[in-house]
Protein chains: 2
Amino acid sequence: MVRPTTPLLSRERIRDAALQLIDDQGLAQFSMRGLARALGVQAPSLYSHYANRDEVLDAVANLLTRQVDTSGFVDGRWRRGVETWARSYRASLAAHPNAVPLVASGAGRREDFLAMSERVHAGLLSAGWPARYATEIAGSVKYLVVGAASTPFASGFADDATVYLERYPALAQAHRLPELAEEIDAESFELGLACLLDGLAARYVDLVGDLNRERA
Amino acid sequence: MVRPTTPLLSRERIRDAALQLIDDQGLAQFSMRGLARALGVQAPSLYSHYANRDEVLDAVANLLTRQVDTSGFVDGRWRRGVETWARSYRASLAAHPNAVPLVASGAGRREDFLAMSERVHAGLLSAGWPARYATEIAGSVKYLVVGAASTPFASGFADDATVYLERYPALAQAHRLPELAEEIDAESFELGLACLLDGLAARYVDLVGDLNRERA
DNA sequence: ACCTGAACACCGTTCAAGT
DNA sequence: ACCTGAACACCGTTCAAGT
């Protein structure tokens, strides 16, 4: 069969198969030839739908950021908005740990990342934050999310934890139980997010005014 | 020449040349054959010094984390310790942006990363933080540092900023001037770090005791 | 012990050719 | 418009062979 009546491939099918392969085998194993094989097709066929490998990977990265929830910025509730955004962003990345490096680098040229940033920025502006602060808040929260997804504690240590016990006594106390790794990841992220937001809330009062005081 | 009297290569020379290549040409362009070429040698020669490509890259990653400053944890001054660590860690990564992905993934199996984590953890313990908090503080600060180095604002947007102006109005206000990118990166990081530490300081008072009150 | 040339099994991508 | 086979210029890595 050279040209089927109904196309074998589509951009969506290729992108979804790519994410599946990355989830299953890791980013390092991903290849255009392997992707073609998984789709029952020859490698050059992919180039009818994507210009090159990087565009396929960009499509995967876009998929992960597309559905991040930025709907929490209502009625000036910036803290709620940031929390919702940060948690859903992290969850989206944590669901595909092998694909995180795709999202972590070169995000700025990707359409869906820019759209997400725009919504967050607008939400912060509408809550009264000055533009420069809005940029920096969005930035620092993004740092926390991407960092948490990139270097989870869970993947951070070798499987045999005993190796650390003698060499790194202080460290060993902390991750004595590898089963706790995911829990520690989640708590580290939540602690960082809560502290960051506490610090921002204090600055908000100085900059924009104490809403509680106004209500009183 | 088949075997010179004095070895042409060493682990250090290979690792340093690898970092230089990554700095100059980017991680995607890095290859064992290109590395050998830069060293005036044939590719298989490298395998007398490193088992494989990943070990070369691990050596580069170790180099970047080795000299991170963890000396600020003295006299229970945990905030100073964290600040010193976070800033020097970020500076070390920012000096080699192309190599950051190496540090961001698989850090836990690398000796120098573990040694750094151990020192930070011990510093937090000595300041009175409970072990679980020490782990999570080290984690959340590391998230901020790695995230900041992975997805800098400066590299985040296309060179022609005008493209954003019409499509993303709120965003465009923020990065109107591309020259500000580095400044915004630094300020976002510092804002995030300061807020995180403010939040932690408040928790420290509840957990460990208010040092100011004790002095009074 | 350290380096080489040849070789193997891969890559990403191009392109003319088919329908 | 969409897919293929053949081809090109690369990879990482192994291994026998040289000193």
Side-chain angles (χ1 to χ4, degrees), chain A residues 1-62 98-99 101-102 105-106 109-110, chain B residues 1-62 98-99 101-102 105-106 109-110:
Chain A
M1 171 221 315
V2 171
R3 191 192 169 208
T5 52
T6 162
L8 292 173
L9 299 175
S10 70
R11 285 177 64 86
E12 290 71 26
R13 249 173 61 74
I14 292 170
R15 175 250 281 150
D16 292 346
L19 177 56
Q20 188 72 54
L21 276 180
I22 291 167
D23 282 345
D24 292 346
Q25 310 179 2
L27 197 52
Q29 297 300 318
F30 175 80
S31 74
M32 294 296 272
R33 290 173 124 109
L35 176 57
R37 201 182 313 124
L39 287 160
V41 112
Q42 299 299 316
S45 306
L46 301 171
Y47 292 83
S48 296
H49 301 268
Y50 288 95
N52 51 43
R53 184 179 190 269
D54 277 347
E55 283 204 2
V56 176
L57 297 179
D58 273 356
V60 172
N62 272 333
N98 291 343
L102 301 178
S105 62
R109 284 143 218 141
R110 291 201 322 273
Chain B
M1 169 224 311
V2 172
R3 190 195 169 207
T5 51
T6 160
L8 292 173
L9 300 174
S10 70
R11 285 178 65 87
E12 290 73 23
R13 249 173 61 73
I14 292 171
R15 176 249 282 151
D16 293 346
L19 177 56
Q20 188 72 52
L21 276 179
I22 291 167
D23 283 344
D24 292 346
Q25 311 180 0
L27 197 52
Q29 297 300 318
F30 175 80
S31 74
M32 293 297 271
R33 289 173 125 110
L35 176 57
R37 200 180 315 122
L39 286 161
V41 112
Q42 299 300 317
S45 305
L46 301 171
Y47 292 82
S48 294
H49 300 269
Y50 288 96
N52 52 43
R53 183 179 190 269
D54 278 347
E55 283 205 1
V56 176
L57 296 178
D58 273 356
V60 172
N62 272 333
N98 291 342
L102 300 178
S105 63
R109 284 143 217 138
R110 290 202 322 274

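Per chain, numbering begins at 1; letters A, B, ... match sequence-line order.
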*Are any non-hydrogen side-chain atoms of A:Leu9 and A:Ser48 less than 4.5 angstrom apart?*
no

*Based on Watson-Crick and G-U pairs with both distances under 3.5 Å, what dot-bracket line describes DNA chain D 5' to 3', crossing pairs as [ ] and inter-strand pairs as |?*
||.|||||...|||||.||

*Ignoring hydrogens and angles, tell me if any N or O in the side chain of B:Arg33 forms a donor-acceptor pair with the backbone of B:Ala43 under 3.5 Å.*
no

*asked:* Nearest heavy atom decides the nucleotide; on that basis, is A:Ala51 or A:Gln29 closer to the 5' end of DNA chain C?
replied: A:Gln29

_Verdict with supporting geometry, A:Leu8 and A:Leu39, side chain to side chain contact (heavy atoms under 4.5 Å, CB included)_ = CA-CA 9 Å; A:Leu8 292 173; A:Leu39 287 160; over 6 Å; no

_Below 4.0 Å: OP1/OP2 of C:dC3 and any side-chain N or O of B:His49_ = yes

*Of all the choices, D:dT13, C:dC3, C:dC11, which nucleotide is nearest to the side chain of A:Ser31 once you look at every atom?*
C:dC11

_So if I take residues 37-47 of chain B and measure heavy-atom distances to DNA chain C, which residues fall below 4.0 Å?_
B:Val41, B:Gln42, B:Pro44, B:Ser45

*Nearest-Å distance, CE (B:Met32) to C1' (C:dC3)?*
14 Å

_Heavy-atom side-chain proximity of A:Leu46 to A:Val56 below 4.5 angstrom_ = no

*Please report the shortest heavy-atom distance between B:Tyr50 and B:Arg11, naming the atom on each side.*
OH-O, 2.8 Å

*Between D:dA1 atom C1' and A:Arg11 atom CZ, what is the distance in whole Å?*
15 Å

*Report which part of the nucleic acid B:Arg33 touches: base, sugar-phosphate, or nothing (heavy-atom distance under 4.0 Å, all strands).*
base

*Using whole Å, report how far CG of A:Asn52 lies from P of D:dC10.*
18 Å

*For residues A:Ala36 and A:Gln42, report the shortest heavy-atom separation together with the two atoms involved.*
CB-C, 3.6 Å

*Qualifying residue, where the test is side-chain contact (heavy atoms from CB on, under 4.5 Å) with A:Gln25 and the options are A:Ile22, A:Asp23, A:Leu21, A:Leu27*: A:Leu21

*Check B:His49 against B:Ser45 and note the closest heavy-atom contact, atom names and distance.*
CD2-O, 3.7 Å

*Round to a whole Å and report the spacing from CG of B:Leu35 to P of C:dC3.*
13 Å

*Before giving the answer on side chain to side chain contact (heavy atoms under 4.5 Å, CB included), spell out for A:Phe30 and A:Asn98 the whole-Å C-alpha distance, their side-chain angles and the decisive distance to 0.1 Å.*
CA-CA 11 Å; A:Phe30 175 80; A:Asn98 291 343; over 6 Å; no

*Send over the distance from B:Ile14 CD1 to C:dC2 P, rounded to a whole Å.*
10 Å

_Whole angstroms only, please: what is the OH-P distance between B:Tyr50 and D:dT14?_
17 Å

